[in-house]
Amino acid sequence: MLSKRIIPCLDVKDGRTVKGVNFVDLKDAGDPVELAWQYARQGADELVFLDITATHERRKTMIEMVKSVARQLNIPFTIGGGITTIQDAEALLNAGADKISINSAAVKNPALIEELAAAFGVQFVVVAVDTKLVEGKNRVHLNGGRLITELETENWIKQAENMGAGEILLTSMDHDGTKQGFDCKLLNRITQMINIPVIASGGAGTIEHFIEVFEKTGVDAALAASVFHFAEIPIPDLKQKLKYHNIPVRL
């Protein structure tokens, strides 16, 4: 069985790592370069870097910051924020990205998924989906959660897979930052519906939440931010506990 992955996420705004609750009330969580260095040494399996205001501010991801972070890493590095063209993706690849994450741009131009997969390979393309329950249906949200769409989450994820997404990063906006646990019901539905890896995001607060999401759903990875940034859950302790519960991890 493939090892389950533990992925810290750096949400970056104005050159600093930030963290909020339900995508608002952002607080400073430290220097991205320093945090990246720590996570690579603690045993994180991958690192995700999201320039969370790039799309909203209509600008590209901060290349120099990306280069500085990449220099600290010996683990796979995924970058998202403001990627709208093949050229954007290529620039990030050259700056040190192993994968790129697209969200708003993919919804606005689904052909971008196909173009990126054709140019760089399916494994390079992560489609990030921010979802929130609206009137009983999971709806896709764009621009860092600011813009609600008519797209139903399940339908969009299936379409993204069909167009060449290599992985889905699914963030529950309802659970994000609450530390009440992952949205296991939704994650379980999604993992049974598609054949590509799913990264669970939104809601991690305790080690038990990680155990639950791996035991109750078919996700391949669990992503978190504040519990790692503020040293509430040390990654080595988390992995030992997962191993104790017979969840395969890389130690």
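No experiment lies behind these values; they were computed from the predicted model shown. Just so it is clear, the values below take in all heavy atoms, side chains as well, and ignore hydrogens, waters and symmetry mates. For reference, positions follow the sequence shown, starting with 1.
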Shared hydrophobic cluster, I63 / V69 (ILVMFWY, side-chain heavy atoms < 4.5 Å): yes
E167 with R5: basic N within carboxylate O range, under 4.0 Å: yes
Gap separating the OG1 atom of T217 from the CG atom of L170, nearest 0.5 angstrom: 10.0 Å
Check: H175 side chain, S201 main-chain N or O, donor-acceptor pair, under 3.5 Å: no
More than 12 heavy atoms from other groups under 6.0 Å of NZ on K4: yes
Atom NZ of K216: over 12 foreign heavy atoms under 6.0 Å: no
Within one Ile-Leu-Val-Met-Phe-Trp-Tyr cluster: I75 and L251, side-chain cutoff 4.5 Å: yes
Stepwise salt bridge (Lys or Arg N to Asp or Glu O under 4.0 Å) check, D45 with K239: CA-CA 11 Å; D45 297 295; K239 286 194 161 187; 2.9 Å; yes
Flag if over 12 foreign heavy atoms under 6.0 Å of CG, L2: no
Any donor-acceptor pair under 3.5 Å from E161 side chain to N195 backbone: yes
H141 side chain to R139 backbone, donor-acceptor under 3.5 Å: yes
Ring geometry between F182 and F210 (parallel below 30°, tilted from 30 to 60°, perpendicular above 60°): perpendicular
Rounded distance (nearest 0.5 Å) linking atom OG1 of T171 with atom CD1 of I199: 9.0 Å
Sole candidate of D237, I207, I247 that passes side chain to side chain contact (heavy atoms under 4.5 Å, CB included) when paired with L242: I247
Rounded distance [0.5 Å steps], CZ in F77 versus CG in D98: 8.5 Å
Joint hydrophobic cluster, L186 plus V134, side-chain heavy atoms closer than 4.5 Å: no
